[in-house]
Amino acid sequence: MNIDSLNEKQKEAVINYTGPMLILAGAGSGKTKVLTTKVAYLINEKNIYPENILAITFTNKAAKEMKSRIYSIVGSKAFKIQISTFHSFGLKIIKENARLLGYDSNFTILDSDDSLSVVKKILKEFNIDSNKYNPKAIRNVISNNKNEMIDAISFSKYAHTDFDEIVNKVYEKYERNLKLNNAIDFDDLLILPLKLFKEYPRILQEYQEKYKYVFIDEYQDTNEPQYILSKMISAKYKNITVVGDADQAIFTWRGANYKNILNFEKDYPNCKVVLLEENYRSTKIILKAANNVIKNNKIRKEKNLWTQNDEGCKIVYYKAFDEKDESSYVVHEIKRLLEENVSPNDICVLYRANAQSRTVEEAFLTSNISYNIVGSYAFYNRKEIKDLIAYLKLIYNNKDDISLLRVINYPKRGIGNKSIENLSIKADIENKSLYEVISSGKELQFKNIIEDIKQEVDKISLTELIDLILDKAGIKSDLESEKTIEADIRLENLEEFKSITKTFEDSEGIISLGDFLDELSLVSDVSEQKDDNSEKVTLMTMHSVKGLEFDYVFVVGFEEGLFPHVNSMESNDELEEERRLCYVAITRAKKKLYLINARSRILYGKVSSNIPSRFVKEIGDDLLETVGKKEEVIFKNKIDKTNMYNDDNDLHPGDIITHDKYGTGVVVSIDGVIASIAFKKDGLKKLMKNHKSIKKV
DNA sequence: CGGCAATGTGTTTTT
DNA sequence: CACATTGCCG
């Protein structure tokens, strides 16, 4: 195996393959390369079995990327390596030991919305006024406690205030309810494995034997349970390599503790430390800008990231008039790049909050630039999709009260509050789930529908199962009988969901309901579930872009209040995290960086004006090329809207249209200027409502 | 019980 | 602004 393309430090990191190692890898210093090479080196050169290797990444996307890179070196052996996020790995362990942990193998994973529902339900049962005690706040405290591994009993010792007392009560009931529902929440994915290992040391030993070589990426963003899990699993052989960069710690708000990386040398006194300080990614100017920003952080270890790369061009700073002007500029500039034969895949647009994607998306649609929004949960948040998933979850795990409550009276079956209250009381007394205590009335009819569907589960495919549910539960007939545009849209969305399961089945073969539900809870991003190889500009948050790189990076909303975000400006700690986030964003760029802000923009329905982000000043004038107002006027005129647009196509959902490129389609929904249209050939697409290429039939 | 209208409420980042 | 929840009436 050839490792000549590595520098001396990188080689050192690869060749020293036993014992604990800390790799402090600055942005763009080739840490992914080192990590993948080291794993491949173990397999190809040291004859380590791939199944003895565990590699933990921060996102599912990173896991996928790593798999394919290792595959390209070692071939199909790569499939035997356990490469996943902490959460997926936790799930695997829980699955393998469900009964020991007191769960049936078909347990349900609750997302944070589900957790909130549980909290709300408990508050109601306790007659606690949810206006006085915010359910979200309570859920967050519970989650924080779980992550610090403080259980309800221990928490009672800390409970001093009125609020704490309430939380304590709810926390205790919450945990009991989950158990009763054979359900685990997101925090449990990390905590239950630890519990297992503590109670059954022999099982821990088995895992230690299995995973003799452990790799943890983004170590600065590990939280307490993740930290302990890493430590436990590698305790026997101590072949643990961790990689990270404290300057890129951006998840402390989620309980991550960047001190874990600072303390690694204390945890493993004989560990090897490798510093990767040469940056191969960015231009000198981009790197300088990043360094200028991050050096303003007080709580920080000084480091020297350098590059042999070219000076590069200055960072473009555009002060837009408003958010529309901001996106027009982005579009204008991207169009120019595309004309220079830059691939859309090499461009990304970053923002602080997901809500900011909307205006950018509109501008992209206007100018026919294909794009992909990463982390768009909008689809799975639609009512009809959630309802369908609730049916699937209930069929898989009857004890799932949250799902049952969601669908027991959908479509309307005449089961109202009174009946549900009675069921709840009965369930509480008998210490059973709602489903189990159903024995009469309309509720029983519902139960029978579920039982009937259950009979078929193992005989049919997932896509067929969905059809069966839509049919037997009466969802389809209910929506069809409504004869409203709304209902038609819902039906379309359900079809879209089926196309996701279909793609899934086509690529993975027969997939069980359980596996599919797991996938849904761990990968809640539609774009990750569709394979699409066409070239696209990527839109995502600065948090999601972590670990990735692009030739051209646009950062929008570079304003005080948006970035740094208002809610993160109260303490210095929060502000320093925003600064690290800025550091991450800047260092994603290889060739050219664009920073854009708007003098005024509409926020939460109100016009507001923000001053430029403090990070502009920190970067420094000499690295910036401020694009003036004059040029803005010029490019605005360049986009000749009158040629491409009708005044008003007067499109409405349900209309049948033809499109010059995509052919016949039906309008599914209109959202402002964006029309969602389902085409016969190409499926659902978002287009500008008034585009000339759309004609009503 | 179901439907509708009025009122209120919160608006960051993600596995 | 967008939504979720509440309260009232048929």
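Just so it is clear, the model here is predicted, and its values are computed rather than measured. In the text below, chain A, chain B and the rest are named by the order of the sequence lines, each starting its count at 1.
Looking at the side chain of A/Asn134, the nearest of the listed nucleotides B/dT13, B/dT15, B/dG10 is B/dG10. In the set B/dT15, B/dT14, B/dT13, B/dT14 carries the atom at the smallest distance from any side-chain atom of A/Phe251. For A/Phe186, counting side-chain heavy atoms from C-beta on, the closest listed nucleotide (B/dT13, B/dT15, B/dT11) is B/dT15. Among B/dT12, B/dT14, B/dG10, the nucleotide with an atom closest to any side-chain atom of A/Ser568 is B/dT12. Each of B/dT15, B/dT13, B/dT11 was ranked by its minimum atom distance to the side chain of A/Asn354; first place goes to B/dT13. You'll find that the side chain of A/Lys412 is closest to B/dG2, out of B/dG2, B/dT13, B/dT15. Residue A/Asn409 has its side chain nearest to B/dG2 when only B/dT14, B/dG2, B/dT15 are considered.
Here A/Ser88 does not reach the OP1 or OP2 of B/dT15: none of its side-chain N or O atoms lies under 4.0 Å away. Under 4.0 angstrom from either OP1 or OP2 of B/dT14 there lies no side-chain N or O belonging to A/Thr59.
A donor-acceptor pair shorter than 3.5 Å cannot be found between the side chains of A/Asn610 and A/Asn597. For A/Tyr583 and A/Asn297, the side-chain atoms include no donor-acceptor pair closer than 3.5 Å. Residues A/Thr359 and A/Glu323 have side chains that never bring a donor and an acceptor to within less than 3.5 angstrom of each other. For the residue pair A/Asn144/A/Glu148, the side-chain donor-acceptor check at 3.5 Å is not satisfied. No side-chain donor from either of A/Gln226 and A/Glu224 sits under 3.5 Å from a side-chain acceptor of the other.
Here the options are A/Asp187, A/Asp151, A/Asp185, the test is side-chain hydrogen bond (donor to acceptor under 3.5 Å, both in side chains), and the partner is A/Lys146; only A/Asp185 passes.
B/dT15 atom C1' lies 15 Å from atom CG of A/Leu520, rounded to whole Å. Nucleotide B/dT15 holds its C1' atom 13 Å from the CD atom of A/Glu519, rounded to whole Å. Going from atom NZ of A/Lys442 over to atom P of B/dC1 covers 8 Å, rounded to whole Å. One atom, CD1 of A/Ile56, and another, C1' of B/dT15, lie 12 Å apart when rounded to the nearest Å. Summarising the geometry, the separation between CE on A/Met540 and P on B/dT14 is reported as 11 Å, rounded to the nearest angstrom. If you take CG of A/Asp111 and P of B/dT14, they are 15 Å apart, rounded to a whole angstrom. The distance between atom CD1 of A/Ile420 and atom P of B/dG2, rounded to the nearest whole Å, is 9 Å. Rounded to a whole Å, the NE2 atom of A/His87 is 9 Å from the P atom of B/dT15.
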Grab the N/O contacts between the protein and nucleotides 3-5 of chain C below 3.5 Å, and write none if there aren't any.
{"residue": "C/dT5", "atom": "OP1", "partner": "A/Lys120", "partner atom": "NZ", "Å": "2.9"}

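The ring of A/His543 does not lie on top of the base of B/dT13; it is either too far (5.5 Å or more) or too tilted (30° or more). With its ring centre under 5.5 Å from that of the base six-membered ring and a plane angle below 30°, A/Trp253 counts as stacked on B/dT13.
Nearest-nucleotide mapping onto DNA chain B: of A/Asn417 and A/Glu574, the residue sitting toward the 5' end is A/Asn417.
Residue A/Ser419 is classed as a sugar-phosphate contact, given heavy-atom separations below 4.0 Å to backbone atoms only. Residue contacts shown for A/Phe86 are absent, as no nucleic acid heavy atom lies under 4.0 Å away.
A gap of 16 Å separates the P atoms of C/dT6 and B/dT11, to the nearest Å.
Separation of atoms NZ (A/Lys120) and CZ (A/Arg139) is listed at 9.0 Å; rounding is to 0.5 Å.
Between A/Phe126 and A/Tyr133, the ring center distance fails the sub-6.0 Å criterion.
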